[in-house]
Amino acid sequence: MFRPPSPVSGRPRAGTPLLTLGAVLASTVTLATAPSAGAAETLLSQGRPATASSHEGEAYAASAAVDGNLTGTRWASSWSDPQWIRVDLGKSADISRVVLHWEAAYGKEYRIQASDNGTDWTDLRTVTQGDGGTDDLAVSGKGRYIRMLGTARPGGYGYSLWEFQVFGDTDGTPPPTGGAVKVTGSQGDWQLTVGGQPYTVKGLTWGPSVADAPRYMPDVKSMGVNTIRTWGTDASTRPLLDTAAAHGIRVVNGFWLQPGGGPGSGGCADYVNDATYKNTMLAEFTKWVDAYKSHPATLMWNVGNESVLGLQNCYSGTQLEAQRNAYTSFVNDVARAIHAIDPDHPVTSTDAWTGAWPYYKRNAPDLDLYSMNAYGDICGVQEDWEEGGYTKPYIITETGPAGEWEVPDDANKVPDEPTDVHKAEGYTNAWNCTVGHRGVALGATLFHYGTEYDFGGVWFNLLPGGHKRLSYYAVKKAYTGSTAGDNTPPVISNMSVSPASSAPAGGEFTVRADVRDPEGDPLTYKILLSGNYANGDKRLVEARWRATGNGTFAVTAPDKLGVWKVYVQAEDGHGNAGIETKSVKVVAPPVSGTNVALHKPTTASSYQREYGDCPCPPAGATDGDPVTRWASDWSDPQWIQVDLGARTAIRKLQLHWDPAYATSYEVQVSDNGTDWRTVHSTTTANGDIDTIDVTETARHVRLHLRARGTGWGYSLHEFGVYS
């Protein structure tokens with residue numbers, strides 16, 4: 001079953017999160033020294049997952065404050081207030097003492113807080129006159145998460161702790177360390193276990209930056225998610241792992257290989273001959289396996305993403321076959337090396353096509369399980385597995401609603417994007433098809449917990465622009481069984497665009513949609529446009545529009561011709577949004593009368609004979625075909641002229657520019673093709689469509705082009721002259 005590649009996905013970026021101080025201090029106490037701890041008191045924090053609001057660099061991550069090294073490693077924050085560091089004890093404990101070993105940059109005012117969920121905090125101790133050194137604080141309270149929330153510094157530096165120690169009593173039961181992750185069972189009756197306990201992957205692919213992990217991970221946890229997937233693992237990964245572990249979430253740590261994530265993405269490695277590339281990648285991967293093999297957030301290692309399919313964009317024929325065999329053999333080499341370093345976590349490899357599995361079956365026996373990205377045809381994966389006679393289980397590492405490579409085209413010949421309702425159903429169906437393959441499919445990381453607000457973000461993200469979609473709640477219901485009590489998004493249906501295939505550039509077209517909100521919340525609207533299909537710009541820009549009543553909007557079309565996406569977005573004021581989209585084809589504004597230049601003899605100062613879609617002769621601008629064009633040499637000045645055959649009354653010109661347009665030009669007319677007079681000139685043209693009023697009678701019409709708007713030449717799709 002052929003499965004084209006899924007959307008290109010990026011790895012997290014490092015950065016610094018913002019922190020909002022949630023509440024005003026209710027009371028303050030003065031620093032005091034704690035009494036000696038009793039016999040039941042245990043150091044609970046050492047080696048546990050730690051996260052922080054910020055850190056100065058990878059060498060000063062939160063984990064450095066719970067590693068037991070009192071003089072060699074430390075956490076250091078950004079130079080601002082407030083800042084925090086917290087540790088996840090793994091289970092709720094009775095807390096009796098907190099010891100802070102400050103570096104020179106200490107907290108003058110701070111609070112020690114506890115929480116059971118990592119979101120709602122209770123003050124255990126407030127310090128208002130800290131003076132650095134070692135603060136040994138007696139506290140009394142209970143919680144899984146313990147936090148130091150710094151609110152004031154004595155100087156310009158940040159907060160810095162050599163060690164953050166939490167003591168207490170867990171009734172003699174140590175906090176869980178996670179335990180080994182294993183694929184257990186036998187043919188058709190496998191399961192994943194963590195610390196000996198059954199584990200079904202209920203996951204999401206991770207989109208936000210590492211710096212935003214503390215902001216978004218509690219929300220991920222609230223959705224019933226127990227796993228996130230990444231595409232790259234390196235020095236920037238530890239804070240993400242720390243944050244995930246602090247919320248009881250595991251991570252599928254990815255390793256990127258060429259050409260991953262789509263057609264030729266990241267280059268085309270030669271797996272048959274390039275030993276240097278393979279040795280470099282192997283050394284890089286094993287370095288990070290060694291670094292993170294003991295991290296409580298690590299679930300498994302994932303080597304490569306969609307490369308078996310992607311290699312077809314680099315090679316063909318027998319060479320492609322050799323590369324696919326060499327690639328999967330290299331994946332096996334990596335798996336074997338990982339197992340030698342880390343026997344406690346499985347190794348898998350992802351592709352976007354079940355046709356990749358025979359290569360893994362033949363060449364990668366050391367993989368513990370397979371992985372697959374599949375969208376609209378997710379339910380076919382089980383059939384392919386059964387027909388292929390495979391002897392390993394799998395997880396689905398990307399899935400969701402049908403992608404643009406799977407849906408039919410609409411009337412404007414672009415992929416017809418599913419509605420919000422259909423997308424939500426797509427996630428539900430994907431999850432049901434995954435767990436329906438009992439004993440073989442061990443779970444899924446659905447695509448995509450992302451906030452990007454663009455063409456692809458609206459298609460696949462659960463939170464584009466931070467707004468929760470119907471799909472968000474479909475995933476939550478799949479993982480938790482219920483969304484009872486949640487305020488859910490507006491539902492948009494019956495969206496239409498008129499005229500859908502002939503909206504005049506710069507003119508208005510009509511958008512209509514039925515919108516209802518399940519809770520009856522008041523709604524606010526946006527109308528947005530994306531030029532992805534017109535000019536490759538995937539951004540969403542707000543259109544000029546006005547509401548005309550009854551769910552109808554008058555929208556101003558762009559000046560750029562081509563097929564655009566128009567979006568209706570309805571927001572309910574509770575962080576939710578419904579978004580629906582249709583395409584609209586923007587065409588040149590109609591001109592009444594007859595195009596007297598159509599098919600008439602046309603000449604030019606030059607034309608491109610071969611480049612891209614060329615030859616592009618002058619006649620390409622007067623043939624009535626909006627696809628063909630004239631294109632000049634890449635120099636100034638240039639000209640193009642048409643012979644109307646006889647003196648003709650002219651009242652309007654319409655120029656349909658390619659992206660290579662003129663900023664400065666003159667319209668000239670002549671009776672003999674030699675003596676020209678200028679009837680219009682501009683130095684501020686911006687391309688797209690120029691409609692020019694002219695009242696003249698002449699046989700010849702010429703554009704004298706003086707300055708280009710790009711580094712290319714001049715290019716016209718249509719040079720219309722109307723009588």
Side-chain angles (χ1 to χ4, degrees), residues 504-507 559 561 587-609 611 613-710 712-723:
D559 290 332
L561 305 191
V587 300
V591 179
S592 60
T594 302
N595 182 3
V596 295
L598 190 62
H599 302 305
K600 296 294 175 61
T602 309
T603 55
S605 52
S606 64
Y607 75 91
Q608 290 182 22
R609 286 168 170 77
Y611 184 82
D613 59 339
C614 292
C616 300
T622 54
D623 60 2
D625 186 342
V627 175
T628 60
R629 63 189 179 102
W630 163 68
S632 79
D633 288 345
W634 298 9
S635 61
D636 296 314
Q638 299 287 336
W639 55 262
I640 181 172
Q641 66 186 50
V642 59
D643 180 356
L644 304 180
R647 281 174 51 82
T648 305
I650 303 165
R651 61 180 188 82
K652 199 175 290 287
L653 271 67
Q654 188 173 82
L655 310 178
H656 173 190
W657 294 100
D658 181 66
Y661 66 96
T663 59
S664 176
Y665 63 89
E666 298 167 349
V667 177
Q668 299 176 325
V669 297
S670 172
D671 291 328
N672 57 16
T674 302
D675 303 311
W676 298 93
R677 62 185 185 276
T678 298
V679 296
H680 173 82
S681 65
T682 181
T683 59
T684 58
N686 61 1
D688 296 317
I689 298 293
D690 289 349
T691 303
I692 305 163
D693 291 323
V694 175
T695 303
E696 289 291 336
T697 299
R699 173 174 173 170
H700 303 271
V701 182
R702 179 170 78 168
L703 298 180
H704 188 209
L705 308 167
R706 296 185 177 276
R708 292 165 289 148
T710 70
W712 298 297
Y714 299 92
S715 183
L716 276 171
H717 283 288
E718 284 299 304
F719 177 17
V721 180
Y722 293 84
S723 64

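Note: hydrogens, waters and symmetry copies are ignored here, and every other heavy atom, side chains too, is used. On a predicted model such as this, the values are computed, not experimentally measured, just so you know.
Checking each of D690, I689, D688 against W657 for a side-chain contact (heavy atoms from CB on, under 4.5 Å) leaves exactly one that passes, namely D690. If you run side-chain contact (heavy atoms from CB on, under 4.5 Å) between L598 and each of N595, T594, V596, only N595 comes through. The side-chain contact (heavy atoms from CB on, under 4.5 Å) test with V667 is passed by exactly one of T682, I692, L655, I650: I692.
Interatomic distance, CD of Q608 versus SG of C614, reported as 4.5 Å (0.5 Å rounding). Here NE2 of H656 is found 11.0 Å from OG1 of T691. Values are rounded to the nearest 0.5 Å.
A662 and A685 make their closest contact through O-CB, 3.2 Å (heavy atoms, listed as atom of the first residue, atom of the second, distance). When all heavy atoms of Q641 and W676 are compared, the closest pair comes out as OE1-CZ2, 3.3 Å. Counting all heavy atoms, side chain and backbone alike, L561 lies closest to A505 at CD2-CB, 3.8 Å. Nearest approach of Q654 to P589, heavy atoms of both residues: NE2-O, 2.9 Å. Scanning all heavy atoms of the two residues, the minimum distance from A660 to W712 falls at CB-CB, 4.0 Å.
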Step by step, would you call W639 with R702 a side-chain contact (heavy atoms from CB on, under 4.5 Å)? CA-CA 7 Å; W639 55 262; R702 179 170 78 168; 4.0 Å; yes
What's the verdict on side-chain contact (heavy atoms from CB on, under 4.5 Å) for T603 and I640, showing C-alpha distance, side-chain angles and the deciding distance? CA-CA 6 Å; T603 55; I640 181 172; over 6 Å; no
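Not one N or O on the side chain of T678 forms a donor-acceptor pair closer than 3.5 Å with the backbone of H680. At distances below 3.5 Å, at least one donor-acceptor pair connects side-chain atoms of S670 with backbone N or O atoms of D675. Checked by atom type and distance alone, the side chain of T648 pairs as donor or acceptor with a backbone atom of A646 at under 3.5 Å. Distance alone, capped at 3.5 Å, places no donor-acceptor pair between the Q638 side chain and the S605 backbone.
Residues meeting the side chain to side chain contact (heavy atoms under 4.5 Å, CB included) test with D693, sequence neighbours left out: K652. For H700, there are no ring pair (Phe, Tyr, Trp, His ring centres under 6.0 Å) partners two or more places apart in sequence or in a different chain.
Contact of the V701 side chain with the L644 side chain is registered, since non-hydrogen atoms from C-beta on lie closer than 4.5 Å. Inter-residue side-chain proximity for Q668 and V679 is flagged as unmet; no heavy-atom pair is nearer than 4.5 Å. For the pair K600 and D643, the minimum side-chain heavy-atom distance is 4.5 Å or more.
Ion pairing between E696 and R677 holds under the 4.0 Å rule for side-chain N and carboxylate O.
Inspection of the T622 and T602 side chains reveals an N or O donor paired with an N or O acceptor under 3.5 Å.
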Give every donor-acceptor pair under 3.5 Å between a side-chain atom in residues 713-723 and any protein atom, sequence neighbours left out.
{"from": "Y714", "atom 1": "OH", "to": "D636", "atom 2": "OD1", "distance (Å)": "2.4"}
{"from": "Y714", "atom 1": "OH", "to": "A707", "atom 2": "N", "distance (Å)": "2.9"}
{"from": "Y714", "atom 1": "OH", "to": "R708", "atom 2": "N", "distance (Å)": "3.3"}
{"from": "S715", "atom 1": "OG", "to": "R629", "atom 2": "NH1", "distance (Å)": "2.9"}
{"from": "S715", "atom 1": "OG", "to": "W630", "atom 2": "O", "distance (Å)": "3.1"}
{"from": "H717", "atom 1": "ND1", "to": "P626", "atom 2": "O", "distance (Å)": "3.1"}
{"from": "H717", "atom 1": "ND1", "to": "V627", "atom 2": "O", "distance (Å)": "3.3"}
{"from": "H717", "atom 1": "ND1", "to": "T628", "atom 2": "O", "distance (Å)": "3.0"}
{"from": "H717", "atom 1": "NE2", "to": "D658", "atom 2": "OD1", "distance (Å)": "3.3"}
{"from": "E718", "atom 1": "OE1", "to": "G624", "atom 2": "N", "distance (Å)": "3.4"}
{"from": "E718", "atom 1": "OE2", "to": "G624", "atom 2": "N", "distance (Å)": "3.4"}
{"from": "E718", "atom 1": "OE2", "to": "D625", "atom 2": "N", "distance (Å)": "3.2"}

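Taking the six-membered ring where the residue is Trp, the centroids of Y611 and W634 are separated by under 6.0 Å.
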